[in-house]
Amino acid sequence: MRMQTGGERAARAGEESALSPSALARAGEAIEGLGSPLAVAEGAVAWMGRQLGATAVLAASFGVEDCVLVEIVSRLAPCVPVFYLDTDLLFPETHRTRDRLVERYGIAPVRVGAQLTLAEQAAAHGPELFRRDPDLCCEIRKVRPLQAFLATRQGWITGIRREQSPARRSAPVLQWDERFGLVKCNPLVTWTQRDVWRYVHEREIPYNPLHDQGYPSIGCTPCTRPVAPGEDPRAGRWAGFGKTECGLHA
């Protein structure tokens with residue numbers, strides 16, 4: 001095996017230093033200092049493209065925030081692949097939104113599925129696990145597949161915003177994701193819901209039609225319902241369980 005030269009070791013050390021938690025915090029603060037929500041988002045996506053290239057990925061659930069990010073990534077970091085977690089319980093509208101984004105932006109989303117089929121999961125844990133233990137269902141169909149997929153990557157881009165929930169209010173633009181062991185980039189953290197929809201309409205970005213039917217947050221069919229006017233936007237996720245996160249961003 002060829003030994004690394006001193007220059008190669010120095011370059012590698014510089015790369016690791018640039019991705020350390022403190023360096024990421026500084027870079028994120030500088031990006032957030034760019035000002036407008038769009039400048040922050042574009043700065044964050046461009047940073048990921050420069051620093052990590054195709055070793056980074058965009059996580060898309062094909063809600064409206066992810067549709068915005070597909071448009072930005074396709075412009076500023078087209079080398080970054082898009083992937084989605086297919087739980088086998090997604091709405092048909094979600095699949096159709098994926099297909100419209102493929103047609104518009106030429107992306108090739110990577111499907112990431114659970115190790116167990118729904119039938120195998122029912123055999124192992126009983127039918128309709130999502131109605132009895134949604135945390136375990138999310139662990140099997142979302143968290144474990146994501147963990148396996150991200151194990152080969154150096155960074156991921158997500159659509160979380162601080163306004164979405166109390167658990168996300170302190171989300172930074174850039175951070176070291178301890179759980180998955182890679183860089184996590186949140187380009188839309190400073191965006192309001194109004195910012196998102198204004199951008200979608202200005203750019204004529206395809207979006208999930210369920211948003212027009214009272215679904216501000218869209219997940220799996222059995223665990224997502226529309227919300228009433230004035231309700232918390234995430235009240236329609238896992239209603240009745242006191243659960244607001246699937247575990248991907250915990």
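Just so it is clear, the model here is predicted, and its values are computed rather than measured.
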Check: Are Y207 and D212 linked by a side-chain donor-acceptor pair shorter than 3.5 Å?
Finding: yes
Check: When the ring centroid of W156 is compared with that of F83, is the distance short of 6.0 Å?
Finding: no
Item checked: D177 side-chain N/O to F180 backbone N/O, donor-acceptor pair under 3.5 Å -> yes
Notebook entry, point to check: Donor-acceptor pair, R75 side chain versus V70 backbone, under 3.5 Å?
Noted result: no
Check: Can you tell me how far CD1 of I107 sits from CG of L58, rounded to the nearest 0.5 angstrom?
Finding: 8.0 Å
Notebook entry, point to check: Would you say the side-chain atoms of R162 pair up with the backbone N or O of A171, donor to acceptor, closer than 3.5 Å?
Noted result: yes
Next item on the list: Tell me, with the steps shown, if R141 and Q121 meet side chain to side chain donor-acceptor pair (under 3.5 Å).
Entry: CA-CA 9 Å; R141 311 210 70 75; Q121 178 174 297; 2.9 Å; yes
Notebook entry, point to check: How close do I205 and C67 get, heavy atom to heavy atom, and via which atoms?
Noted result: CG2-O, 3.7 Å
Check: Ion pair present between E103 and R96, side-chain N to carboxylate O less than 4.0 angstrom?
Finding: no
Notebook entry, point to check: Between H95 and L90, is there a donor-acceptor pair closer than 3.5 Å when you use the side chain of the first and the backbone of the second?
Noted result: no
Next item on the list: Indicate yes or no: does E231 engage R225 in a salt bridge with an N to O separation below 4.0 Å.
Entry: yes
Notebook entry, point to check: Are the side chain of N208 and the backbone N or O of T97 linked by a donor-acceptor pair below 3.5 Å?
Noted result: no
Checklist line | Any donor-acceptor pair under 3.5 Å from T221 side chain to L89 backbone | finding: yes
Margin query: Measuring from atom CD of E120 to atom CD1 of I140, what distance do you get when rounded to the nearest 0.5 angstrom?
Written below: 11.0 Å
